[in-house]
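Reading through the structure tokens given below for one structure.
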Amino acid sequence: MTGVVLRRRVTDVVSKILMGVATVIGVFFLFWILWTTLKFGVAGMHWDLFTKDTPPPGFNGFGLRNAFVGSLILMGLSLLVGVPVGLMAGTWLAEYGFHGRTANAVRFINDIMLSAPSIEIGLFAYAIVVAPMGYFSALAGSVALAILMIPIIVRTTDEMLSLVGSDIREAALALGAPKSVVITKVTWRAARAGILTGILIGLARITGETAPLLFTALNNQYFSTNVFRPMANIPVVIFQFALSPYANWQQMAWAAAFITVVFVLVLSILARWFLARVKTTR
Amino acid sequence: MKKILAILLAAGGVFSATASAQMLTGAGSTWVYPLVAKWSAAYQSKTGIQVNYQSIGSGGGIAQIKAGTVAFGASDMPLKPEDLRAAGLIQFPTAVAGAVMSYNLPGISSGQLILSGPVVADIYLAKITKWNDPAIAKLNPDLNLPDMNITVVHRSDGSGTTFTFTDYLSKVSPEWKEKVGENTSVAWPTGVGGKGSEGVASYVQRIEGAIGYVEYAYVLETHGSYARMINRDGNVVSPSLQGFQDASAHVDWTKAQDFYVILPYQPGPDTWPIAGCTWQILRKNATQAENEEVMKFFLWGFEQGQDMARSISFGPLPPSTVEAIRAYWKSELGYGI
Amino acid sequence: MNDSGPAARTETQSALAGQRAAPGSRRFSGDAFFHAAAVLAAILASVTLFATVIAIAYDSWPSIQTFGVWRFLKSSEWNPVTQTFGAFPFIVGTLVSSAIAMILAVPISFGTAVFITEIAPFWIKRPVAGAIELLAGIPSIVYGLWGLLVFAPVFSEIEPWINRSIGNIPGIGLLFRGPPMGIGMLTAGIILAIMVLPYISSIMRDVFLVVPSSLRESAYAMGCTTWEVAWHIMLPYTRTAVTGGIFLGLGRALGETMAVTFVIGNSNMMSPSLLMPSATIPSVLANEFTEATTKLYLSSLIYLGLILIAITLVVRFLAVLLIRRLARGEGASA
């Protein structure tokens, strides 16, 4: 073999090995993180986590009930704010704006918001909700989470609605239906699997988000459903417990992290399942 | 669609109406957190009122009570009377305790290491960087100190514990006073920052060769190691409830305006040199109902919570001080309990 | 009749645009309401970007007035006692930790992307691709928790070795000397690298798949090795979008809060060594925000947030611009 051919061969083999190593590194860290989360998380699991509230420092108990409920309330509120705005904005893009200059500008801005650092959004929510209201509140936290969720829902709704063929739209129009009815009763229906995918992905995005909640919902060691006041939530509790020197708190941090990861996984699998259903109906 | 909206609105109403009068939110000092947490749990089982305390550091407590987002702010650094007046606030002490130097040295158990104020100052000034430095060895002639780097741990958040500690360092080391000074947050010459006393204790637990300052209850609860200190009188003392109360005995709480008292580095044969206290800060223009709830909680703590306090080495205030506090409430707010 | 392509869509468009109520028929007022709601939602979604910048700029104004722009950016003094604030250490910390993350993540992402698209046998492709995407789904707080409690202790065993080997090389060795705490700038950079790896890798994979197979296959037919196809054909073709993907990862790394706050050590002092603790703008915000005792302090923290927004906005804007170029078919370079 001549020198050049040998060099190219060697480069090829070496680079293939390196790229294999690179992939192994990525997969290795994934498994390491998942494995330790599983190991410590399962070790920290306890029935009390769901029936008792967070114990004060130095007490030897277990409990995360108020944090779970708080996180569910926060998620519910953010869905309440985020889904209508995201759905309607995506609908505007797909059904009214199409590919005009305004619509493309909106899409561009939306894509930029997709990667907004969550701490920025937290600062914004502090400025417009907490400061004027005078209290930390779950409401402020949900506003921050909703702002994080909306770009995802806008984008997916826009794309999924665009996939719906014009034939059923035209059929509905031919029957004399006004445009809003066509959209709500026909187009949305047809795209519902895809829209749901977007909502699930949005939900997965905000699960575990801590930074925006640090200066909005704060935390609460008690069980509370008052949305105008601080509310316990899983991510901030993990933050507090993980940085503490108490053994039972650290165990609970792992258990909460484990449950969070499982929740995100379930959401992703569900989203993928719905997405597959979208593909088959087209 | 309309039905769903109606249900949601009703649910929202239910959600927000529950227990807004039954919960107080306070925030601030991590120093006093173990005590407030104990009192709060017992108070809730006795009266059903929830006192939600977020330990975000004294700086946070001061900021949040000024902003009015909490019912009471806890700070280990007392506000000067003129600052209180300017911001429309009042403050009163809670209990006396002490900060200790916690360390992580393999082979050296709790209480074996002896440190002095100037040595600690030099460690935090990065002038002493190894554990087997002659200055430390001189204080510990019979200990086998390892040739290990000292990892200094301090607070990353605004902390009254930092104030107590840096006030002490400023008193024992003129160089510290000149270069760094004392406050809830300072420009640390070196070291890693932990969030809250919990964070400091956690880093010290994890990093070999680490040293950090934390309130004594944290070391007790996590079975960490504390160092004995040489106090102002020149004696080697261990941290203890008695040592903290001895420091407090040297100040007259009833005479201090707005209870403005500085506790570190008091004289006395058994006095612990890094003693401190936490002040609860209230807003004068908060609603009377809210302020009265806060006062009731702390009065309950002063009267019924003494044993709980002692169990984690917090020294309860003497009855004369409690009476002075009640009189202060009446005179500053116009109402009291 | 069944085509839903662009031609059919314009037909529908004109049908809907030209729709008028027939004389005598009831005009459906709900239609206008729905349209208005949709427009409002679109405005709301777009305006948030500007509202964020304006609100944060407004709240930083007291600090901007006191310290100006250049002075604040250059000053290394962050002292709540004397009420003097400067952003330099945090800007440096943010940039350096992100730089470390990119230096580590980009090659690994490239290797992973090429491996999955070109090298891996069919049955490995999807599981590995799925595994890498899973990394993106792990919440950042879990990264922080894992980073502090699992990775840092392991890394603190490796650090003495780093000290002895690279740390002893004159010049560059200064970067790698420090006590083996396990936490610090380098640890934060490594955790960030793991976090942004899936984003960059999946964009690379997506755009590699868009490369026309005729291009790739003719290169292979001419006898090119896999490496040559990847490096000389696929990468140049997709370089615009790949750059966009890298910017996307960079934007993520710059703004990451929780993972960094756990492991960076929270020291407001700058140090030449990567093994020493440091701070970034997000980490200092997370640590000090709720306790800024004075208006100037709070405003200075928000000023830091403004600087972060400025940096990430530029990066994210470029990212979206570049990625969209390829989507519109402009990324092709013959």
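The chains referred to below are lettered A, B, ... by the order of the sequence lines, with proteins before strands, and numbering in each begins at 1. Values reported hereafter were calculated over all heavy atoms of this structure, with side chains retained and with hydrogens, waters and symmetry mates removed.
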Exercise. Of all heavy-atom pairs between A/Ala89 and C/Ala41, which one has the smallest distance, and what is that distance?
Worked result: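 Answer, listing the atom of A/Ala89 first, then C/Ala41: N-CB, 3.5 Å.
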Between C/Trp146 and A/Thr37, does any side-chain donor sit less than 3.5 Å from a side-chain acceptor?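 No.
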- prompt: Among side-chain atoms of C/Thr312 and A/Glu120, is any donor-acceptor pair under 3.5 angstrom?
  reply: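 A pair is found: one side chain offers a donor N or O, the other an acceptor, under 3.5 Å apart.
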Engaged part of [X] at the chain C interface, taking heavy atoms whose separation is under 4.5 Å:
X        : result
A/Thr184 : side chain
A/Ile183 : side chain
A/Arg107 : both
A/Ile201 : neither
A/Phe258 : neither
A/Ala204 : neither
A/Asn104 : backbone
A/Leu30  : both
A/Leu214 : both

Structural part of [X] lying under 4.5 Å from a heavy atom of chain A:
X        : result
C/Val229 : neither
C/Leu313 : side chain
C/Ile194 : side chain
C/Thr257 : side chain
C/Glu133 : side chain
C/Tyr143 : side chain
C/Ala105 : neither
C/Leu135 : both

Heaviest contributor of heavy-atom pairs below 4.5 Å to chain A, chosen from C/Ile108, C/Leu306, C/Ile281, C/Ile141, is C/Ile141
Could you go through the salt bridge (Lys or Arg N to Asp or Glu O under 4.0 Å) check for A/Arg9 and C/Glu228 one step at a time? CA-CA 10 Å; A/Arg9 266 287 176 85; C/Glu228 284 163 352; over 6 Å; no
Are side-chain heavy atoms of [X] and [Y] found at a separation under 4.5 Å?
X        : Y        : value
A/Phe40  : C/Val150 : yes
C/His35  : A/Trp92  : yes
A/Tyr126 : C/Asp59  : no

Inset, instruction - Assign the ring pair C/Phe34 / A/Tyr96 to parallel, tilted or perpendicular, where the plane angle (0 to 90°) is split at 30° and 60°. - result: tilted
| Do any N or O atoms from the side chain of A/Asp12 and from the backbone of C/Thr226 form a donor-acceptor pair under 3.5 angstrom? | yes
Test side-chain contact (heavy atoms from CB on, under 4.5 Å) on A/Met113 and C/Thr48; report intermediate values, then the result. CA-CA 8 Å; A/Met113 286 302 284; C/Thr48 317; 4.0 Å; yes
Test side-chain contact (heavy atoms from CB on, under 4.5 Å), reference C/Leu134, set A/Leu34, A/Ile33, A/Val264, output is A/Leu34
Working note: C/Arg324 + A/Asp111, criterion salt bridge (Lys or Arg N to Asp or Glu O under 4.0 Å); need CA distance, chi angles, decisive distance, verdict.
CA-CA 10 Å; C/Arg324 277 167 153 248; A/Asp111 279 354; 3.1 Å; yes
